Structures are given as structure tokens and as C-alpha cells.
Number of protein chains: 2
Amino acid sequence: MFAEERKGKIVEIIKSGNSAKVSELAKLFNVSEATIRRDLMELEQTGQIVRTHGGAVSSQNTNFEPSFIEKQDKYLKEKEEIAKKAASLVSDNDTITIDSGTTTQFIAKYLKAKGVTVVTNSVNLADELSRRDDMEVIVTGGVIRTKTKAMVGPVAESALKQFRVDKLFLGCNGVSIKMGVTTPNIVEASTKRAMIEGAKEVYLVVDSSKFDEVSFSLICPASKIDYIVTDKLPNDYEKYKHLGIEFILV
Amino acid sequence: MFAEERKGKIVEIIKSGNSAKVSELAKLFNVSEATIRRDLMELEQTGQIVRTHGGAVSSQNTNFEPSFIEKQDKYLKEKEEIAKKAASLVSDNDTITIDSGTTTQFIAKYLKAKGVTVVTNSVNLADELSRRDDMEVIVTGGVIRTKTKAMVGPVAESALKQFRVDKLFLGCNGVSIKMGVTTPNIVEASTKRAMIEGAKEVYLVVDSSKFDEVSFSLICPASKIDYIVTDKLPNDYEKYKHLGIEFILV
DNA sequence: ATTAAATCAAACATAAATGAACATAAACAA
DNA sequence: TTGTTTATGTTCATTTATGTTTGATTTAAT
């Protein structure tokens, strides 16, 4: 039996029976548990199952049911994976800024590090993080933009000037070597710029559909970015490397 | 059964309207109560349920019947009525500040006036108001206090200094002629003071249980208050009148 | 207001499961 | 042939899920 066949059967088993143990699967297919774990890891990455300690469960009947609006976004799965990856880059006792945005949004859910201080201008992140008492959460404040639920403007910017963080997780609508990092709204762009000023390392968190896109307002030239967390390399990724930008793939 | 499955079922049970006791769930799933508590803790963190002493209830307050947690606060109905009254005091084109707090919380729901600009330091209010595109919403920012979901501290205060509003709707834990307006946390008190500084008129929004209560941190002397929106006059209301404080009853 | 019972959080203990590093062997390519 | 890749197995330090105990809180009853 080939690995692919085995994986296919594992998905079947889990989807029909709703859960399966690593030990059971190992016995069933006559392979080591390490192999099963590797299979499950892959299947989780492609969103076909959800792993648990000891095995895996169907992704369908698990807690988070994507809302209607979320389902409409075909890059949702990528976004969530990218956010998970980004969250894994946070070390214990880091101070970080998380920008508002459809991808960065999900970082909170996967933040596991201890003693983290988070600065954010996202209403959604503020709401989610306000439930966690294992980290310090600082909100920038500012005028709320209904469309993006970001807090922006002078209030946000003057708050951002107060802090120096280790890592910034930045979202945007377009990134290109030639045209830089861009977003549609000029006030939001200015606020993002303030975030960049206060961060030691800048992680751009985008799905691959944003490469070579260009929006109206320039945030900064591409060279300001230190890392790009994404799901696929752009075609001209050599040029990014040349600028000293490192890629972190999910 | 995996932890994930168990948690999923717990959510189901609770969302389907049934409250659940820790002891019942432990027996049902054949695990220790400590495990159930840990499950509930996590589910509460992700906002899926709300814990109570002895168990948990649904977080979605769409229930027709007042949930456990609501019943626990016997002043809830008063709070909501008071908030409704407070909201009715807002005129078209007013600029207002709404403090965080269990009573002020509800004001957003009843805000009908047009062209209003709202300043708030409440995470919950920011979240609720961010959905409305008929008003400008400015968030103070600041460090989030997990307990009260208020944003406080220097960031909040320096933001508040930027604005002059027509009306402030202030919450507190105690008000007395002699001891003034008080709240348990000193940082929160300082932030409330900053709100008062920037407001032309101060409306204290409290249910009648707060009269003659005294908490640790002084916000301001009673004389700073212009109006008190509440459900019942205090015994010494003549003294309040003497200070020029007017009562607005629901 | 006091007391008793229920519930809780925190600290500790433990066994199972895991991830990471390394090892092996078959398949493949030069 | 020889080197490289791929899938798998093995070992072990670390993490996770869970249970247990204990002292503190909360609630309910007197």
C-alpha cells in the first residue's frame, strides 16, 4: 500500500467515524506511529482533518464553523495556516504588535508563548485577547474604520510611538518589489507606517494572492520588510532575497 | 473520546439551551472535575461559553429566558433600563464619552441619535459600535484590564486629553456625598478622571445599589457630577441637590 | 451573622503522546 | 557504480492531558 492510499483511507475513516487514534491507525496499517503522525500532520495542513492529542477528529464537526462571510473568502484556509505559522514565531516574553487585517486576525487564536505583550489596533483582536489573562494587551485606540475594524489616525499613531516591540506582524493588500507594500486607505497606511517605526523586526503576513498587487496608498518600500510569512513563493522571489527579505512558508 | 470531542459536545450541550454543571459533565464523560473545569476555562477563553460558579451557560444572550449569569445580577433589568434612559439623553450631533462598566455597556444598544461621535475605553463597546457606520467611534486605547474589559493607563489618558465632549456617561462602583465617587482599581480611577476633565457635562450612570457604597480608589468628589441617571433616589438626595446634582430616573 | 457544604484554583504527580534528531533501506538518478 | 531522495523506523527529551490533594472562595442554610 502506498502512502497516498493510506492517507486517503485515514481521511475516510475519520470523516465517517469522526475520530481515530494514532495507535489504532498504526496497527491497522502495520506502520509505526511516527508514520501515522506524519500522515496526520499533512492531512491537517491540507485541512482535511483536525489533529488532537492521541489522534485526530473530523474537521467538519469541530468547534469553529466558518461564518458565511468567512466561507466566501477562498483564501481563508491559507490565511489561517499563515496566521498559525506567524503565531509560532512568537517566543516567550516577546513584545509584539499585531496589525489589523483578515490574515493577522487569526494570529491570536494560535498564540501559545508565555509572558507575551501584545499591541494591536484591531477591534477584533482586542475583543478576543481581552479574554486572555495570560498576556498583557495594549490597544492603540483611534478612530474605528467600519470596513476593516482597524483603529487608525493620530490617536493610534501617538500611542504606537510609545512602544518598541520585538516583532511586528503586518498585513497589507499588495506587495511588489517595484511598487512596495500598499493598502487602499491612506490613513490606515500612515498608521501601519507608525507600527513599522516602532518594531525591531517586521513580518509581513500575507497570502500569496497579494504578490504583485498594488493598492492606492504606499505603506513602505519592500526593503523595510524583514520576513514574509506566506503560503507560496512569488515568481520573483530571488529579488526579495536580494533585498534581504526572508520567506517563511507554512 | 478525545479532549477535542469532549469539548465540542460540551459546547453543544450548553448552546442547546441547557446549562451544565461541572459535576454532571464529569460524570457524563467519565473524567475528573478538574478536567471539566479546564475544558470550560478554554471554552470561555475562546468565547464559546460563559462560566458560572458550578458550571457554565451559553454565551449568546439571544435566549428569551434570562440566563444564569443574568439572573445572578439582580440589578440587570435596572441596568438596562438606566442605560436606555441615558441613551435617550443624547442629542443629534452630540459628542459623547462612554465609560466602560456593566451599566454603561448597554448604552450603545439604545443609541438612536444621528451624527453622534462616541469616545470609549470599553472593549465591548468598541466591538459593538464598530458594526455601526452611522456614527464616528473613537477608542481611547490603553492596557486592557481583563476583569472589566476597560482600556486604561497612560495611553488611554493621553488619548482622552485630545478630546472635549458634550456628555460623559460615567460608571462607578460606589457614590456617596461624603466619600465621593469610587471604584476598586486605582488605574481605572485615574482614567475615569481623565474622562471627566474632557467633558462639559458628567452623567453618572449607576443603579441604586451603588449609593453609599465606597470602593478603594477615589475618582472625584460628588460635586463633579452634574446628573445621576438611576432607578431610585438615594435617601440623602436633598444633599445631592444641594451640590447641584440633578437626578434622572428611569 | 455564622457555619457547613459545595465549588474552585493552584500545585504537584504521572503516564501517554509527541516532535525532533538520527538511522536505515528502498527507489531513483547521474 | 555512486550519490541522492523518499518513506519509514527508532530513540529520547519534552509536552500534554489528566488526576489528586490542599487550602481558599463561594454559596446556601441556619
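Each chain gets a letter, A, B and so on, in the order its sequence line appears, and its residues count up from 1. Every value quoted in this text rests on a predicted model; they were computed, and no experiment measured them.
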Output all residues satisfying side-chain contact (heavy atoms from CB on, under 4.5 Å) with [X], sequence neighbours left out; order by chain, then residue number.
X      : answer
A:L28  : A:I13
B:E5   : A:S19, A:V57, B:M1, B:F2
A:S122 : A:S100, A:Q105, A:T120, A:N124, A:L125
A:L233 : A:Y237, A:F247, A:L249

Please report, to 0.1 Å, the donor-acceptor pairs under 3.5 Å made by any side chain of residues 173-183 of chain B, with sequence neighbours excluded.
unit_1: B:N173; atom_1: OD1; unit_2: B:T183; atom_2: OG1; d: 3.4
unit_1: B:S176; atom_1: OG; unit_2: B:K178; atom_2: N; d: 3.3
unit_1: B:S176; atom_1: OG; unit_2: B:M179; atom_2: N; d: 2.7
unit_1: B:T182; atom_1: OG1; unit_2: B:G174; atom_2: O; d: 3.4
unit_1: B:T182; atom_1: OG1; unit_2: B:S215; atom_2: N; d: 2.8

Task: Contact list for residues 16-25 of chain A, test salt bridge (Lys or Arg N to Asp or Glu O under 4.0 Å), sequence neighbours left out - done: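 Qualifying pairs: none.
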
Expressed as a whole number of angstroms, how long is the span from [X]:[atom1] to [N]:[atom2]?
X     : N      : atom1 : atom2 : result
A:F29 : D:dT8  : CZ    : P     : 12 Å
B:E5  : D:dT18 : CD    : P     : 11 Å
A:L25 : D:dG9  : CG    : C1'   : 17 Å
B:E42 : D:dT18 : CD    : C1'   : 13 Å
B:D39 : D:dT18 : CG    : P     : 7 Å
A:K27 : D:dG9  : NZ    : P     : 15 Å
A:R37 : D:dT8  : CZ    : P     : 15 Å
A:R51 : D:dA17 : CZ    : C1'   : 15 Å

Got a list of protein N/O to nucleotides 19-24 of chain D N/O distances below 3.5 Å?
unit_1: D:dG19; atom_1: OP1; unit_2: B:S32; atom_2: N; d: 3.3
unit_1: D:dG19; atom_1: OP2; unit_2: B:S32; atom_2: N; d: 2.7
unit_1: D:dG19; atom_1: OP2; unit_2: B:S32; atom_2: OG; d: 2.6
unit_1: D:dG19; atom_1: OP2; unit_2: B:T35; atom_2: OG1; d: 2.3
unit_1: D:dG19; atom_1: N7; unit_2: B:R38; atom_2: NH2; d: 2.6
unit_1: D:dG19; atom_1: O6; unit_2: B:R38; atom_2: NH1; d: 3.3

Task: Contacts of A:R37 that satisfy salt bridge (charged side-chain N to carboxylate O under 4.0 Å, His left out) - sequence neighbours left out - done: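 Once residues adjacent in sequence are excluded, the partners of A:R37 under the salt bridge (charged side-chain N to carboxylate O under 4.0 Å, His left out) criterion are A:E33.
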
Task: Listed partners of B:E42 passing salt bridge (charged side-chain N to carboxylate O under 4.0 Å, His left out), at least two apart - done: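 Expected list: B:K7.
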
Open item on the list: With heavy atoms of chain B within less than 4.0 Å as the criterion, where does contact along DNA chain C begin and end?
Closed with: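 The contact span of chain B on DNA chain C goes from C:dT7 to C:dA9.
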
Open item on the list: If the helix axis at each end comes from five base pairs, how far does the helix from C:dA1-D:dT30 to C:dA30-D:dT1 deviate from straight, to 10°?
Closed with: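 Roughly 30° between the end axes, to the nearest 10°.
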
TODO: Check whether the side chains of B:E80 and B:Y110 place a donor and an acceptor atom closer than 3.5 Å, and report yes or no.
DONE: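 Judged by distance alone, the side chains do pair up.
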
Open item on the list: Checking A:S130 now: which residues fulfil side chain to side chain donor-acceptor pair (under 3.5 Å) with it, not counting sequence neighbours?
Closed with: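 Side chain to side chain donor-acceptor pair (under 3.5 Å) list for A:S130, sorted by chain: B:K149.
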
Task: Within-4.5 Å side-chain heavy-atom neighbours: A:L168 and A:E201 - done: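 Side chain of A:L168 against side chain of A:E201, heavy atoms only: no contact under 4.5 Å found.
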
